[in-house]
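Values reported hereafter were calculated over all heavy atoms of this structure, with side chains retained and with hydrogens, waters and symmetry mates removed. In what follows, chains carry the letters A, B, and so on, assigned in the order in which the sequence lines appear, proteins first and then strands, with residues in each chain numbered from 1.
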Protein chains: 2
Amino acid sequence: MDVGGTLYALRTQRGLSQRELARRCGVANGTISLIESNAINPSVGLLRQIVHALPMNLSEFFAFEHLEERKLFYRASELREIGGKGISYRQIGTNLNGRALQMLDEVYAPRTDTGKTMLHHTGEEGGVVISGEIEVTVADQRAILGPGDAYYFDSNLPHRFRNIGKEPCHIVSAATPPSF
Amino acid sequence: MDVGGTLYALRTQRGLSQRELARRCGVANGTISLIESNAINPSVGLLRQIVHALPMNLSEFFAFEHLEERKLFYRASELREIGGKGISYRQIGTNLNGRALQMLDEVYAPRTDTGKTMLHHTGEEGGVVISGEIEVTVADQRAILGPGDAYYFDSNLPHRFRNIGKEPCHIVSAATPPSF
DNA sequence: TTGAAGTGTTTTTTATAATGAACACATGCT
DNA sequence: AGCATGTGTTCATTATAAAAAACACTTCAA
C-alpha cells in the first residue's frame, strides 16, 4: 500500500541520505525522492536494486510493509518528518491511508509562521502547547498560547500559526481526517 | 531474479489462463504475457494488483521466488512448457539463469519437425528416445531412432528432428549450456 | 561572508511499461 | 466443413517511469 513510506522508514532507520542510498544502488537520487513521495510507481527491477542496497530482499521489504500497517508503538526516532523550513511536523505512522487520525509532534522555530495565506481544509483539529508560545489565528479570533494551553477548531475556518517568541514552540496536535 | 517465471509457475499451479488472471485483476492479458516472458519490467503497483488476484501478497510472492531457486524436486505437472505447434518441450526448472544444464521432457506429435532450416548453437546436447520414432539429422549424418536409442552431438553442428511416424515420439534430453 | 559540500525537490528529456487491438493457433460444437 | 470460443503472442499507441541536471535550502569551515 505504501512503498514510498516503507522505503523512507528503512532508509532513515539506517541513517542513509537519499543520495548515499542512490550512490550505493546506482539509481538517480531524484528517483529515490519521487519513490518516497509515492509520486511514481517504480518497476520491480528498480525497487529490487534499491532494496538490495539496504541490504534486504523484496520479500523482507514487503513483509516489513505489512508490519508497518499493524505497528502500534513508535520510538521518538521513528516519527516521520513531514515539515520543513524551520517548522517540524513529526507524524505518528508513515502511511495514513485509510486512517481516521493524523497525530503530529510539532516544533516551530522562533519567528516561523505557517504563512500569510491562511490554511483551510475539511475536518477538525486540536492541539496542546507543551513549551514555548504560539500565536494562533482562527477566522477573526487570535490568541497567544503558552504551555498547557490548547486549541480546537473546524479546519474549514481559515487558520494560521506563528511563533512570535524567541524560544522554539512545541505542540502536540491531532487532525481528522489526515490532510497531507 | 525471475519475476516472469515465478508468475507463470503460480498462475499455472492454480489452473488459470493468462486471460482469466487478467480479467480477475483488471490488467491487459498481453501485459501478463509480456511479464511472464520477462520482456518487460512491471511496476510494483501492477505486480501487486496481479499477485493479489492469485490471491497472494508481494512478500509471499517474492518468498516463493526464492524457494524456486532452491527447488530440488518437480512433479510432472510442474515442468514448464516452452514448446508449441505440436512439439512439447517441458523444462525442468522455470529459471535457468546461472545454471549449467537444460533438461527437457520432449514429445513430438506425428509429422512434426524442428524445421527445414537446421538448428545450431553453442554447447553440446544428448537425449534418449523413450517411445515412438524420430529421424535425427546432424550435419551429413541421418538416423531413425526408436525406444532406447540415443544421440549426443556438438550443438554447433547443424541439426534437425522430425517425427516421420504415426505415433508421438517421447524423448528426454539435456543440453549445456541452456539455449533458450 | 563567501563558498564548498551536504540535504531533499523539481523539471525536462528519454526510455520503457501498459493498453487495446490484431494475430495465429487450437479445440469443440453443429 | 465452418464457426465460435478458447489459448498465448505481437504490434502500434499512449501513458508513465527513470535519468540527468538544475534548483532551493542548510551547515560548516575558511
**Student:** Are there more than 12 heavy atoms of other residues, nucleotides or ligands under 6.0 Å from atom NE2 of B:His52?
**Tutor:** yes
**Student:** If you compare every side-chain N and O of B:Gln18 against the phosphate oxygens of D:dT9 (OP1, OP2), does one of them come in below 4.0 Å?
**Tutor:** yes
**Student:** Look at the aromatic rings of B:His121 and B:His159 and report parallel, tilted or perpendicular, splitting at 30° and 60°.
**Tutor:** perpendicular
**Student:** Could you give the CG-to-P distance, from B:Leu21 to D:dG6, as a whole number of Å?
**Tutor:** 16 Å
**Student:** Can you tell me whether the side chain of A:Asn29 and the base of C:dT9 have a donor-acceptor pair closer than 3.5 Å?
**Tutor:** yes
**Student:** Side chain of A:Glu36, backbone of A:Ser33: donor and acceptor closer than 3.5 Å?
**Tutor:** no
**Student:** Tell me if the NE2 atom of A:His66 is crowded by more than 12 foreign heavy atoms within 6.0 Å.
**Tutor:** yes
**Student:** Using heavy atoms and a sub-4.0 Å distance, could you list which residues of residues 30-41 of chain B are near DNA chain D? By number, please.
**Tutor:** B:Gly30, B:Ser33, B:Leu34
**Student:** Calculate the interatomic distance between B:Glu20 atom CD and D:dT5 atom C1'; express it in whole Å.
**Tutor:** 14 Å
**Student:** Can you see if the side chain of A:Ser43 gets near the phosphate of C:dA17 - specifically, an N or O under 4.0 Å from OP1 or OP2?
**Tutor:** no
**Student:** Do the rings of B:Tyr108 and B:Tyr89 sit parallel, tilted or perpendicular, given the 30° and 60° boundaries?
**Tutor:** perpendicular
**Student:** According to a strict under-4.0 Å criterion, is A:Arg11 in side-chain N/O contact with OP1 or OP2 of C:dG8?
**Tutor:** yes
**Student:** Less than 3.5 Å between a donor and an acceptor, one on the side chain of B:Arg19 and one on the base of D:dG6, is that the case here?
**Tutor:** no
**Student:** Given atom CG of A:Leu16 and atom P of C:dT7, what is their separation to the nearest angstrom?
**Tutor:** 10 Å
**Student:** Without swapping roles, check the side chain of A:Thr114 against the backbone of A:Phe161 for a donor-acceptor pair under 3.5 Å.
**Tutor:** yes
**Student:** Look at atom CZ of A:Arg142 and say whether more than 12 heavy atoms of other residues, nucleotides or ligands are closer to it than 6.0 Å.
**Tutor:** no
**Student:** In whole angstroms, how far is the P atom of C:dA17 from the CD atom of B:Gln49?
**Tutor:** 17 Å
**Student:** Check the distance between C:dA17's C1' and A:Leu46's CG and give it to me in whole angstrom.
**Tutor:** 13 Å
**Student:** Rounded to whole angstroms, how far apart are CZ on B:Arg80 and C1' on D:dG8?
**Tutor:** 12 Å
